[in-house]
2 protein chains.
Amino acid sequence: MTQRPFEGMKNLLKDAGLRPTRQRLVMARALLEGGNRHFTPEDLHAELANEGLRVSLSTVYNNLNKFTSAGLLREVVVESGKTFFDSNTIPHHHFFDEGTGSLYDIPEDKILIKNVPEPPKGLLISGVDVVVRVVKS
Amino acid sequence: MTQRPFEGMKNLLKDAGLRPTRQRLVMARALLEGGNRHFTPEDLHAELANEGLRVSLSTVYNNLNKFTSAGLLREVVVESGKTFFDSNTIPHHHFFDEGTGSLYDIPEDKILIKNVPEPPKGLLISGVDVVVRVVKS
DNA sequence: ATTAATGCAAAATCTTTGCACTTTC
DNA sequence: GAAAGTGCAAAGATTTTGCATTAAT
């Protein structure tokens with residue numbers, strides 16, 4: 001994991017074409033410093049609030065979307081009605097615990113996928129997502 | 001594809017522990033007669049309305065959920081904020097066209113998946129879903 | 001100074017629920 | 001006639017948007 005120096009966050013945002021506002025710096029630090037994270041907008045908003053960092057919920061939503069468009073985050077779809085974001089943008093797969101709603105990364109090269117058929121005419125494969133659903137045993 | 005006889009629908013529902021009401025028969029016919037289908041609750045509601053078959057949207061939602069619990073349908077999660085149902089309950093995978101929102105089945109045995117890692121402690125694999133995202137080429 | 005971002009409240013989705021009425025068993 | 005299902009309108013939950021204010025270039 002690249003432990004990004006504090007000052008680097010500003011450049012990270014600038015390089016992504018995003019103005020380094022206080023709110024975005026706070027979000028970027030929480031998300032991109034340290035290890036891979038899976039979270040909903042609410043999760044992040046609550047976490048920041050807990051630390052006394054106030055960023056409005058709509059700004060959290062708006063910026064998570066901008067971060068995602070800029071390639072800083074990735075969206076993971078595993079449950080209808082909830083959006084998860086993933087700070088790991090390298091292609092990879094997931095375990096999804098249906099009971100708790102927790103996600104766990106599976107490195108892409110751990111799973112062998114072969115013989116993916118040709119897509120329908122006029123379409124190109126943009127990505128392959130594997131979700132391994134798990135339940136309490 | 002098993003073309004279920006008209007009368008069979010009643011038994012299908014009964015066998016699933018669901019009272020064969022007019023609304024459920026109408027839904028079951030639309031969904032389970034003929035080939036595999038992918039649809040949202042809104043899709044189905046509009047389709048029925050088009051044919052002059054009135055079933056309230058809440059009843060469509062409620063019954064799609066009951067059908068799913070009963071194993072008559074399956075839920076497919078590919079896009080946050082939208083629930084897709086699939087009348088094909090046999091395990092299989094999907095192409096998802098991000099542009100149009102269309103789903104296409106991929107038979108389970110077409111794709112070879114190997115080396116799925118052990119799930120985290122205390123968890124058991126309940127299913128493996130592969131979504132092949134495709135875009136206009 | 002210009003342009004973009006924030007925060008709030010309001011609106012837009014999508015889905016579930018409470019309850020009186022109707023249908024099935 | 002008891003139990004379950006329906007339909008409506010209302011409530012929930014999640015996400016986006018309009019707009020005045022504030023901050024970044």
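Reminder, nothing fancy here: chain letters follow the sequence lines and each chain counts from 1.
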Next on the checklist: Is it true that A:Asp43 and A:Thr40 share a donor-acceptor pair across their side chains at a distance under 3.5 Å?
Outcome noted: yes

Checklist outcome for this item: To the nearest angstrom, the CG-P distance between A:Leu57 and C:dA10 comes to 16 Å

Checklist outcome for this item: Here the distance between atom C1' of C:dC14 and atom CD of B:Glu75, to the nearest Å, is 13 Å

Checklist outcome for this item: Comparing nearest nucleotides in DNA chain D, the 5'-proximal residue of the pair B:Val55, B:Ser80 is B:Val55

Item to check | B:Asn65, nearest nucleotide to its side chain (from C:dT16, C:dC25, D:dG5) | outcome: C:dT16

Item to check | Side chain of B:Pro20 - closest among D:dT16, C:dC25, D:dT6 | outcome: C:dC25

Checklist entry - Side chain of A:Gln23: nearest nucleotide among C:dG7, C:dT24, D:dG7? => result C:dG7

Item to check | Under-3.5 Å donor-acceptor pair between A:Arg19 side chain and C:dT3 base | outcome: yes

Next on the checklist: In whole Å, I'd like the distance from the OH atom of A:Tyr61 to the P atom of D:dG18.
Outcome noted: 18 Å

Item to check | Whole-Å distance separating the NZ atom of B:Lys82 from the P atom of D:dT14 | outcome: 18 Å

Next on the checklist: Students often get this wrong, so: under 4.0 angstrom with heavy atoms, is B:Asn63 touching a base, only sugar-phosphate, or nothing?
Outcome noted: sugar-phosphate

Checklist entry - What is the distance, rounded to the nearest whole Å, between atom CG of A:Leu13 and atom P of D:dA23? => result 18 Å

Checklist entry - Are a donor atom and an acceptor atom from the side chains of A:His92 and A:Asn36 found within less than 3.5 Å of each other? => result no

Checklist entry - Does the side chain of B:Asp129 pick up a donor-acceptor pair with the side chain of B:His93 at under 3.5 Å? => result no

Checklist outcome for this item: Result for side chain to side chain contact (heavy atoms under 4.5 Å, CB included) between A:Val132 and one of A:Phe96, A:Phe95, A:Tyr104 points to A:Phe95

Next on the checklist: Applying a 4.0 Å non-hydrogen cut-off, can you work out what A:Ser58 is touching in the nucleic acid: base, sugar-phosphate, or nothing?
Outcome noted: base

Item to check | Between C:dT13 (P) and B:His45 (NE2): distance, integer Å | outcome: 17 Å

Checklist outcome for this item: A:Arg54 atom CZ is separated from C:dG7 atom P, nearest whole Å, by 10 Å

Next on the checklist: What contact category does B:Thr83 fall into here, base, sugar-phosphate, or nothing, at under 4.0 angstrom with non-hydrogen atoms?
Outcome noted: sugar-phosphate

Item to check | Which residue lies more 5' along DNA chain C, comparing B:Pro41 with A:Val60 via nearest heavy atoms | outcome: A:Val60

Item to check | Side chains of A:His38 and A:Asp105, donor plus acceptor under 3.5 Å | outcome: yes

Checklist outcome for this item: Testing D:dT6, D:dT15, C:dG7 for proximity to the side chain of A:Arg22, the answer is C:dG7

Next on the checklist: If you compare every side-chain N and O of A:Ser56 against the phosphate oxygens of C:dC8 (OP1, OP2), does one of them come in below 4.0 Å?
Outcome noted: no

Item to check | B:Asn11 CG - C:dT24 C1' separation (whole Å) | outcome: 15 Å

